[in-house]
Undergrad: 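The structure follows.
The basis for the numbers below is simple: all heavy atoms, side chains too, and nothing from hydrogens, waters or symmetry mates. Quick note on labels: first sequence line is chain A, next is B, and so on, each numbered from 1.
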There are 2 protein chains.
Amino acid sequence: MNPQKEILASRLFFIVTNRNMSENRALIVENLNPKIIKLQYAVRGPLVIRAGAIKKELEKGAKKPFKRVILANVGDAQAMYQRPLTFIRQVVSCITYPKLLKTDMYPPDVKKRAQDILDNCSGNSVGAYTMSLGIEMIRRHVAEYIECRDGHKARWQDISLTAGATTGIKTCLELFCNKVDGKPSGIMLPVPQYPLYSATVAEYGLGHIRYYLDEGNNWALEMSELERAYEEGSKTHCVRAIVVINPGNPTGQVLKRSNIEDIIKFAHKKRLFIFADEVYQANVYDKDSKFFSFKKVLSELGPPYNTVELVSFMSISKGYTGECGLRGGWMELCNMDPGVQGHLYKTLSAMLCPATVGQAAVDCVARTPISGEPSYELWLKEKNAVLNSLKDRAEMIVKAFNKMEGFKCNVVQGAMYAFPRIELPAKAIEAAKAEKKAPDVFYAFKLLEETGICVIPGTGFGQCPGSYHFRTTILPQPKILQEMLDIFQSFHKKFTKEYQ
Amino acid sequence: MNPQKEILASRLFFIVTNRNMSENRALIVENLNPKIIKLQYAVRGPLVIRAGAIKKELEKGAKKPFKRVILANVGDAQAMYQRPLTFIRQVVSCITYPKLLKTDMYPPDVKKRAQDILDNCSGNSVGAYTMSLGIEMIRRHVAEYIECRDGHKARWQDISLTAGATTGIKTCLELFCNKVDGKPSGIMLPVPQYPLYSATVAEYGLGHIRYYLDEGNNWALEMSELERAYEEGSKTHCVRAIVVINPGNPTGQVLKRSNIEDIIKFAHKKRLFIFADEVYQANVYDKDSKFFSFKKVLSELGPPYNTVELVSFMSISKGYTGECGLRGGWMELCNMDPGVQGHLYKTLSAMLCPATVGQAAVDCVARTPISGEPSYELWLKEKNAVLNSLKDRAEMIVKAFNKMEGFKCNVVQGAMYAFPRIELPAKAIEAAKAEKKAPDVFYAFKLLEETGICVIPGTGFGQCPGSYHFRTTILPQPKILQEMLDIFQSFHKKFTKEYQ
């Protein structure tokens, strides 16, 4: 057989055996849950997988035009060498190995805290399941935290602990899978948005109703746009809920109080359930911005607006703690129908319980050391160091991008990301088309291959048609961030020149 | 207003305001996802909630005919005062607070292990996200564990770490939500079964195809019954997968190798995907029983049976570790269509990653200390103590139940439960009907209220119509277990007498 025939034959063999295999298979792509096929989660998509592969290639000595991969794709502070807070880690180590309580390695308030948690675990062990909604003591501490934050009553029975915010968001969205008045349910999601929402809406077959944030007005949320999106969505769906991310991911905007009031009034008028993603509530950097929780504003609006249904999400993965790997968070339900709440809690119970170590870290965030306690000074110092440094980096990144030609970046008022707009030359857009890639995806892949910088293209979050963006975290430590911005600048110059 | 009118008026007011509230609500039971309403999870249901309430009443000094609540409802070893393995907890405490690595509190192999894990975390911190499927090093260790267990190759790329077995089971079941040849997909589940499966099948709207285990033959899995169930199920559904729990929950049976061979051949013939729930693989007590993994048997059957699609689940919550609260586990995929596997991995990525501490505990289970290492002796001693004690309790509970009149209990060959059959007097069945409770639910509530013992009625797991059972764990420590069995005996006598 000549070589060409051989290749052909082997290909044919491959196809035939593959067909045989798949004909015998119970589960193939053709009969897979079609909603799973639709589900997209760009933050961990092909680009990030390629970044991982490049990192491995570098470790094996491959020669590249850069010496390291900078992962600016995901809000993962400790991966970028932010140090964990000593207080949290001391408590967590004590509860996992209680013999440490008998040493003199820890301050007394740490030991007391650890003992409290153990006393509230079945069998006094973090190896036991907790109640499905979390340890009651910790739920009570979360309620106290919320009361202190908002100045309004919070019921611990309405709080459940979660594994990060993700499980809570997914389970609450699942409640809406139904037809109402013959139409499938739709959920209003911002554009751009954190892709967990679009992924989950696709996974559960819910309608994805898009409302656009106003980039020209620092990603403000305009009421007229909400009205438009609702009307548009209502043609095909029963629009039942609205998701608001504040501080914004990927946009970094912080909503004004008056804006939140308008959203609540809108939700009341249209009878919408509000999902308030408030995981970045501690991450506000802009001196003119302040975080207001939906719960607080709703409470202060009074009747009839204080009966609007609301769920608010919080996570220890963000804020000043950045404890992504421990998987801890909570959600607070307000005004939920008690029958529905019962069903929600029942659903959560089938997942047994969130990790106890994550719950313990939630306790440390809800009930921080207070002035006079032995751990207080160090805790405050570490917390402020993190938040001040994030603030500096938020300013630094915006300044740097806005100095670059072809970039426009809104102020990062809060959260952990910048979402600059980039101009791409017509020839680059053509080249992207030829590769069957969206232009911003094409750009991000080029950036990764040539510089080792991994950012997520705007396509993954949604953007106005014809505009191009990417999301980068502000998390690389200052020196690396500066290096990254410098490399970025020269890459963009080169890229623009290449496709002029 | 006279008192009666007043009550009426206030009730009316309540109804009116309630209606107003619910009319304004976006989400009420009437428009809730109907699958969520159907979902039942008895292991954490109303009975368990009542047990928690009784426990609180006791703490507040309420007078009851018993002094403590014995929670025999859930396989939660450490809640029943089984001690965690020192090795695991030492490693886990070190990785959460790496300063401990610099002390002389830990043996060198613990420190080495902890350092290995930290070296494989982004930013060298367990506070960072890991890859969605878990830390690669740990996935490789799991593959080695499986190879050593089975004597067959395992690919680390086919293993993903999970938060207990639950998330893996749910995500894999979700893949089947589709219609095939115009029929909705159906999943074959044993009766009785662990209710996570029926809950998930209800949640995802999959067909629940029941096959009955043969109680008269020590809960054996009969091929003729599989054939019957398949034929029956095929009338309304496209039957696509079969779930087998081995060792059995709640039944405690351990499948014979020949039985597993038959199931694999059946799956091949009917083109079924096998879900092998093997979380109790270390929990075999019966001297004539041995655990064989589906993967091993499938590999050894050779063609064409070694191409059957299989997913196997494992958890650190069971076995000799009982680390339920840390939430760790894994699943291994065999022969899955690569395209499907890609979609599954993408879906898992939207949940970010399982808790790092749980992953670290998985590492300790996959790669246990070996002879000669400093931690080996203590590890072995602790492991054997747990398993030997469980073995004793498995025998003790079966003996005790079989001595009681009206009880019949199969040998607990493995796992952590007994599932005895009970005879209920006709009058008790009538009394249950009057209370609109299933007779075994009625019995379990009486037991709880009068003795403080919490077991789960057979209704929660499924049982042959007209038969009554309950599941109890074998986990209370020997002294408490004896006490529980004594109380049980007198309760049952009294109950039978009352309803004679």
Undergrad: So how far is it from A:S125 OG to B:M80 CE, rounded to the nearest 0.5 Å?
TA: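 Rounded to the nearest 0.5 Å, the OG-CE separation comes to 13.5 Å.
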Undergrad: So which of A:G322, A:A199, A:S132, A:G358 has the largest heavy-atom pair count under 4.5 angstrom toward chain B?
TA: A:S132
Undergrad: Does the separation of the ring centres of A:Y106 and B:Y97 fall below 6.0 angstrom?
TA: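 Here the rings of B:Y97 and A:Y106 have centres that are less than 6.0 Å from each other.
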Undergrad: Which bit of A:E136 is near chain B, if near means a heavy-atom gap under 4.5 Å: side chain, backbone, both or neither?
TA: side chain
Undergrad: Looking at chain A, which one of B:D76, B:V308, B:T166 has the largest number of heavy-atom pairs inside 4.5 Å, strictly under?
TA: B:D76
Undergrad: Between A:T356 and B:G325, is there a donor-acceptor pair closer than 3.5 Å when you use the side chain of the first and the backbone of the second?
TA: yes
Undergrad: Just give me the residue among A:A267, A:A128, A:S185 that pairs up with chain B most often, heavy atom to heavy atom, under 4.5 Å.
TA: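 The candidate making the most pairs under 4.5 Å is A:A128.
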Undergrad: Look at atom CE of B:M131 and say whether more than 12 heavy atoms of other residues, nucleotides or ligands are closer to it than 6.0 Å.
TA: no
Undergrad: Name the option with the most non-hydrogen atom pairs under 4.5 Å to chain A; the candidates are B:K35, B:K56, B:Q40.
TA: B:K56
Undergrad: Would you compute the distance between atom CZ of B:R83 and atom CG of A:N124 and round it to the nearest 0.5 angstrom?
TA: 7.5 Å
Undergrad: Just by distance, do the side chain of B:R25 and the backbone of A:N335 share a donor-acceptor pair under 3.5 Å?
TA: yes
Undergrad: Can you name the nearest heavy-atom pair linking B:L27 to A:R240, along with the distance?
TA: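 It is CD1-NH2, 3.3 Å.
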Undergrad: So for B:A163, is it side chain, backbone, both, or neither that comes closer than 4.5 Å to the heavy atoms of chain A?
TA: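 For B:A163, neither part sits under 4.5 Å from chain A.
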Undergrad: Mark yes when over 12 heavy atoms from residues, nucleotides or ligands other than A:M351 sit less than 6.0 Å from its CE; otherwise mark no.
TA: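 Atom CE in A:M351 is crowded, with more than 12 foreign heavy atoms closer than 6.0 Å.
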Undergrad: Decide yes or no for B:I28 and A:E309: does some side-chain heavy atom of the first lie under 4.5 Å from some side-chain heavy atom of the second?
TA: no
Undergrad: On a heavy-atom basis, which atom in A:Y194 and which in B:L352 lie closest, and how many Å separate them?
TA: OH-CD1, 4.0 Å
Undergrad: I'd like to know if the side chain of B:N178 and the backbone of A:L32 have a donor-acceptor N/O pair within less than 3.5 Å.
TA: yes
Undergrad: What's the separation between atom CG in B:D337 and atom CD in A:E30, rounded to the nearest 0.5 Å?
TA: 7.5 Å
Undergrad: Give, as side chain, backbone, both or neither, the part of A:P354 having an atom under 4.5 angstrom from any heavy atom of chain B.
TA: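 Contact with chain B is through the backbone of A:P354 alone.
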Undergrad: More than 12 heavy atoms of other residues, nucleotides or ligands under 6.0 Å from NZ of A:K270: is that the case?
TA: yes
Undergrad: Only one of A:V91, A:V92, A:I88 clears side-chain contact (heavy atoms from CB on, under 4.5 Å) with B:T96; which?
TA: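 Looking at A:V91, A:V92, A:I88, the match for B:T96 under the side-chain contact (heavy atoms from CB on, under 4.5 Å) is A:V92.
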Undergrad: Could you tell me which portion of A:S317 (side chain, backbone, both or neither) has an atom closer than 4.5 angstrom to a non-hydrogen atom of chain B?
TA: side chain
Undergrad: Atom NZ of residue position B:K183 - does it have more than 12 heavy atoms of other residues, nucleotides or ligands inside 6.0 Å?
TA: yes
Undergrad: For the candidates A:G123, A:G127, A:S122, which exhibits the highest count of non-hydrogen atom pairs separated by less than 4.5 Å from chain B?
TA: A:G127
Undergrad: Side chains of B:E203 and A:E174, heavy atoms from C-beta outward: is any pair under 4.5 Å?
TA: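 SC-SC contact between B:E203 and A:E174 confirmed.
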Undergrad: Please classify the contact of A:A355 with chain B as side chain, backbone, both or neither, using a heavy-atom distance under 4.5 Å.
TA: both
Undergrad: Looking at every non-hydrogen atom in both residues, tell me the closest pair between B:A26 and A:F273 and how far apart they are.
TA: CB-N, 3.7 Å
Undergrad: Taking side chain as everything from C-beta outward and backbone as N, CA, C, O, which of these in A:K170 sits under 4.5 Å from a heavy atom of chain B? Side chain, backbone, both or neither.
TA: side chain
Undergrad: For A:L326, is it the side chain, the backbone, both or neither that has a heavy atom under 4.5 Å from a heavy atom of chain B?
TA: both
Undergrad: Taking B:R327 for the side chain and A:C353 for the main chain, is one N or O donor matched with an acceptor at less than 3.5 Å?
TA: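 At least one qualifying donor-acceptor pair exists.
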Undergrad: Which pairs of donor and acceptor atoms, one on a side chain in residues 340-348 of chain B, lie under 3.5 Å apart (sequence neighbours left out)?
TA:
from: B:Q341; atom 1: NE2; to: B:D158; atom 2: OD1; distance (Å): 2.9
from: B:Q341; atom 1: NE2; to: B:Y345; atom 2: OH; distance (Å): 3.2
from: B:H343; atom 1: ND1; to: B:K346; atom 2: NZ; distance (Å): 3.0
from: B:Y345; atom 1: OH; to: B:Q157; atom 2: O; distance (Å): 2.7
from: B:K346; atom 1: NZ; to: A:I36; atom 2: O; distance (Å): 2.7
from: B:K346; atom 1: NZ; to: A:I37; atom 2: O; distance (Å): 3.0
from: B:K346; atom 1: NZ; to: A:L39; atom 2: O; distance (Å): 2.8
from: B:T347; atom 1: OG1; to: B:H343; atom 2: O; distance (Å): 2.8

Undergrad: Are A:M105 and B:M105 close enough that some pair of their side-chain heavy atoms sits under 4.5 Å apart?
TA: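 A side-chain contact exists here, since the closest heavy-atom pair is under 4.5 Å.
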Undergrad: Nearest 0.5 Å, please: how far is CG in A:L100 from CG in B:L100?
TA: 5.5 Å
Undergrad: Between B:T321 and chain A, with a heavy-atom cut-off of 4.5 Å, which part of the residue counts as in contact: side chain, backbone, both or neither?
TA: neither
Undergrad: Side chain from CB out, backbone as N, CA, C, O: work out which of these in A:Q90 comes under 4.5 Å of a heavy atom of chain B, or both, or neither.
TA: both
Undergrad: Rounded at 0.5 Å granularity, tell me how far CG in B:D181 sits from CG in A:N31.
TA: 9.0 Å
Undergrad: Nearest 0.5 Å please: distance from the CG atom of A:N24 over to the NE2 atom of B:H268.
TA: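 Rounded to the nearest 0.5 Å, the CG-NE2 separation comes to 5.5 Å.
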Undergrad: Non-hydrogen atoms of chain B under 4.5 Å away: do they reach the side chain of A:I316, the backbone, both or neither?
TA: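 When you check distances to chain B, no heavy atom of A:I316 falls under 4.5 Å.
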